Amino acid sequence: MPLIQLENVNFSYDKNIDVIKNVSLSIFEGEHIAIIGHNGSGKSTLAKLFNGLVKADSGSVKVMGLDCSDKKQVYDVRKKVGVVFQNPDNQLIASIVEDDIAFGPENLGVNRKEIAERIDFALKSVGMEKFRHSSPTRLSGGQKQRIAIAGVLALKPSVLVLDESTAMLDPQGRKEVLEVAKKLNQEQGTTIINITHYMDEVVNADRVYVMSNGEIVLSGTPQEIFSDREKIAKYGLELPLSTTIADELNGVGVNIDGDVLTEEQLSKNIENWLEGLCK
């Protein structure tokens, strides 16, 4: 059974302009999913539908069999799907890191002993143990976002949604957050849904959904999505940097595999080409 399942979902904020149009998708346990699209394509609204922050006008949104339209079930849905938003400063409320992480479990009525255990677990998961007694205001953007993720992890969700969570970070901060997400997915089996406009964040996903004007217009593996240059351009997206470099090298006679997505793949292809010249 899918962890998250949407069937023919429609949603609008003002009842006149549809933000989500007839969207159906299934996300399974342990997957790393990327959702991409131009600004205003409906990506962030989709994130809100995943944990019941907004309710579909029509269609079905279910999380582990729970109906997100049922007020009696949506509370449990939010325990299972944690969302980390774009600006970490909007998610940190306490003056001490461990107090911030404890906030969610305290509101769920978790006992003190378990809260302490959850704080330890969350800090260790994001590699921020030594900042337990620090003030969030003294942390870098990447560190703040890692604390925001820790606050969500303390709720023990099955799904972690990163809604443009790296958009306001510098390259180092982005790297830190992505490494945490990768570790959670690979070592703890957490289902990751990364909503992003950075194509380099998409290349290691299991599956990719491309949204345009509220609809899912493409879906597949990163290789399948980025192999269609014409459609990528049509929907206002860019190729990953390594893919762009590979295309340019091919254009000047350096034979590089057209399916290159990562820096490692690009480096290996250049190395192979150079070795071929020496033979």
Side-chain angles (χ1 to χ4, degrees), residues 1-11 20 22-37 41-56 58-85 104-105 108 110 118 121-122 125-126 148-166 177-178 180-196 201-211 214-216 218-222 224-225:
M1 183 179 72
L3 212 58
I4 296 178
Q5 186 163 34
L6 276 63
E7 293 182 349
N8 307 119
V9 171
N10 293 276
F11 175 80
I20 299 295
N22 199 38
V23 167
S24 296
L25 59 80
S26 297
I27 297 172
F28 295 87
E29 184 177 1
E31 282 195 303
H32 176 186
I33 300 296
I35 300 175
I36 59 178
S41 62
K43 304 187 302 297
S44 290
T45 299
L46 202 59
K48 294 174 183 176
L49 284 163
F50 286 152
N51 78 338
L53 286 175
V54 296
K55 179 182 174 182
S58 62
S60 169
V61 181
K62 290 187 177 180
V63 174
M64 299 177 70
L66 297 171
D67 187 349
C68 290
S69 66
D70 186 338
K71 290 182 179 180
K72 295 180 180 178
Q73 297 187 36
V74 75
Y75 184 71
D76 288 327
V77 167
R78 290 173 186 165
K79 292 181 185 179
K80 300 181 185 300
V81 181
V83 182
V84 180
F85 295 102
L108 293 179
V110 177
R118 291 194 184 195
F121 158 77
S125 295
V126 300
I149 292 174
V152 172
L153 293 180
L155 300 173
K156 293 292 185 76
S158 300
V159 183
L160 178 64
V161 181
L162 303 175
D163 182 16
E164 302 277 10
S165 301
T166 63
V177 171
L178 293 175
V180 167
K182 181 179 179 180
K183 177 182 176 183
L184 291 169
N185 179 247
Q186 294 183 350
E187 297 182 10
Q188 298 182 23
T190 305
T191 301
I192 302 294
I193 302 174
N194 186 17
I195 297 171
T196 182
E201 295 184 8
V202 175
V203 297
N204 292 314
D206 297 315
R207 288 190 293 127
V208 182
Y209 289 103
V210 178
M211 295 196 69
E215 300 177 286
I216 292 177
L218 293 173
S219 64
T221 65
E224 291 169 339
I225 295 297

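For the single chain, residues carry numbers from 1 onward in sequence order. This structure is a prediction, so every number in the text was calculated from the model and none was measured.
- Although no hydrogens or angles enter the test, the distance criterion places a donor-acceptor pair under 3.5 Å between the side chain of E224 and the main chain of T221.
- The closest side-chain heavy-atom distance from E215 to N22 is not below 4.5 Å.
- Geometrically, K156 engages F121 in a cation-pi contact defined by less than 6.0 Å to the ring centre and at most 45° from the axis.
- For the residue pair D163 and S44, a side-chain donor N or O sits within less than 3.5 Å of a side-chain acceptor on the partner.
- Remark: the backbone N or O of K62 is not paired with any side-chain donor or acceptor of Q5 at under 3.5 angstrom.
- For the pair K79 and L108, the minimum side-chain heavy-atom distance is below 4.5 Å.
- Closest heavy-atom contact between L162 and S165: CA-OG, 3.3 Å.
- Of the possible donor and acceptor atoms, one in the side chain of R78 sits under 3.5 Å from a partner among the backbone N and O of N51.
- Between the OH atom of Y209 and the CG atom of L25 there is a distance of 4.5 Å, given to the nearest 0.5 Å.
- Within 6.0 Å of the NZ atom in K183, the count of heavy atoms belonging to other residues, nucleotides or ligands exceeds 12.
- Between the side chain of T191 and the backbone N or O of G30 there is at least one donor-acceptor pair closer than 3.5 Å.
- Distance check: I27 CD1 to H32 NE2 gives 11.0 Å after rounding to the nearest 0.5 Å.
- With L6 as the fixed residue, the side chain to side chain contact (heavy atoms under 4.5 Å, CB included) test singles out one of V63, L46, I20: L46.
- Enclosure of atom CD in Q188 by more than 12 non-hydrogen atoms of other residues, nucleotides or ligands within 6.0 angstrom is indicated.
- Side-chain contact between V161 and I195 is present, with heavy atoms from C-beta onward closer than 4.5 Å.
- Checking side-chain atoms of E31 against main-chain N and O of F28 turns up a donor-acceptor pair under 3.5 Å.
- Across all their heavy atoms, A56 and L49 have their closest contact at N-CD2, 3.7 Å.
- Using a 4.5 Å heavy-atom cutoff, the side chains of I149 and V177 are in contact.
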Worked verdict on I193 versus I4 for side-chain contact (heavy atoms from CB on, under 4.5 Å): CA-CA 11 Å; I193 302 174; I4 296 178; 3.8 Å; yes
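- E201 is linked by a side chain to side chain contact (heavy atoms under 4.5 Å, CB included) to T166, R174, L178, N194, T196, Y198, counting only residues two or more places apart in sequence or in another chain.
- V126 and A150 get closest at one heavy-atom pair: CG2-CB, 3.9 Å.
- Within a 6.0 Å sphere centred on NZ of K43, other residues, nucleotides and ligands contribute more than 12 heavy atoms.
- Put simply, the side chain of T190 never gets that close to the backbone of N185: no donor and acceptor are under 3.5 Å apart.
- No side-chain heavy atom of V74 sits under 4.5 Å from any side-chain heavy atom of D76.
- Within the model, atoms CD1 of I216 and CG of L218 stand 10.0 Å from one another, a figure rounded to the nearest 0.5 Å.
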